[in-house]
Amino acid sequence: MNTNFYEQVYEIVRLIPKGRVTSYGAIAKSLGAAKSSRMVGHAMSYAGTAHPVVPAHRVVNSSGLLTGKFHFSPPELMEELLAKEGVKVKDDKVLNFRQIFWNPMEEITE
DNA sequence: GCATTGACAATGG
DNA sequence: CCCATTGCCAATG
């Protein structure tokens with residue numbers, strides 16, 4: 001595939017530490033495509049059928065909302081995984097989102 | 001190749 | 001804080 005963009009997205013998502021979450025825009029920015037935040041979401045769709053396990057449940061929208069939880073095998077899986085990681089989810093949104101927010105740029109530092 | 005849709009983001013009211 | 005609009009880019013029909 002070598003669809004660089006998607007590969008980059010998967011790479012970053014895989015780098016997300018346990019108990020942390022990030023937003024599509026942050027990932028897009030890290031890749032230098034802040035305008036293509038939607039592409040990150042598309043990449044996530046492929047994540048389930050592409051690479052070995054991409055913790056897409058750690059990726060949420062800019063509001064910390066679990067927008068794509070419905071895309072998981074069981075929609076509840078997203079909250080389950082997040083809960084296991086120590087992330088509290090309420091009303092399909094991450095609590096203390098700003099505190100557990102993980103900035104990909106800090107790990108990329110190109 | 002055009003039109004529609006989409007795991008989004010940012011801005012304005 | 002919630003709703004409406006715009007931009008952006010790729011996938012799909």
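Just so we're on the same page: letters track the sequence lines, and every chain starts at 1. All of these numbers come straight from a predicted model, not from anything done at the bench.
Distance check, rounded to the nearest 0.5 Å: CE of A/Met105 to CD1 of A/Ile27 gives 11.0 Å. Taken to the nearest 0.5 Å, the NZ atom of A/Lys88 stands 10.0 Å off from the CG atom of A/Asn96.
The shortest distance between side-chain heavy atoms of A/Leu82 and A/Leu66 falls below 4.5 Å. Residues A/Leu77 and A/His57 are not in side-chain contact: their nearest non-hydrogen atoms beyond the backbone lie 4.5 Å or more apart.
OP1 or OP2 of C/dC8 has not a single side-chain nitrogen or oxygen of A/Tyr24 nearer than 4.0 Å.
Residue-level contact check: A/Ala28 touches neither bases nor backbone, having no heavy atom under 4.0 Å from any strand. At the heavy-atom level, A/Ser36 lies under 4.0 Å from the strands shown only through sugar-phosphate atoms. Within 4.0 Å of A/Tyr46, counting heavy atoms only, lie sugar-phosphate atoms of the nucleic acid but no base atom.
The 5' end of DNA chain B is approached more closely, in terms of each residue's nearest nucleotide, by A/His42 than by the other of A/Val60 and A/His42.
For DNA chain B, the outermost nucleotides in 5' to 3' order that have an atom under 4.0 Å from a heavy atom of chain A are B/dG6 to B/dA9.
Stem list for DNA chain C (at least 3 consecutive Watson-Crick or G-U pairs, distances under 3.5 Å): B:2-6 with C:9-13, B:8-13 with C:2-7.
In this structure, the side chain of A/Tyr10 engages the main chain of A/Ala43 through a donor-acceptor pair within 3.5 Å. Listed for the A/Thr22 side chain is a donor-acceptor partner under 3.5 Å among the backbone atoms of A/Trp102. A donor-acceptor pair under 3.5 Å is formed between the side chain of A/Asn61 and the backbone N or O of A/Ser63. A/Arg58 places a side-chain N or O within 3.5 Å of a backbone atom of A/Ile16 that can act as its donor or acceptor partner.
Note: CZ (A/Arg38) to C1' (C/dA10) measures 10 Å, nearest angstrom.
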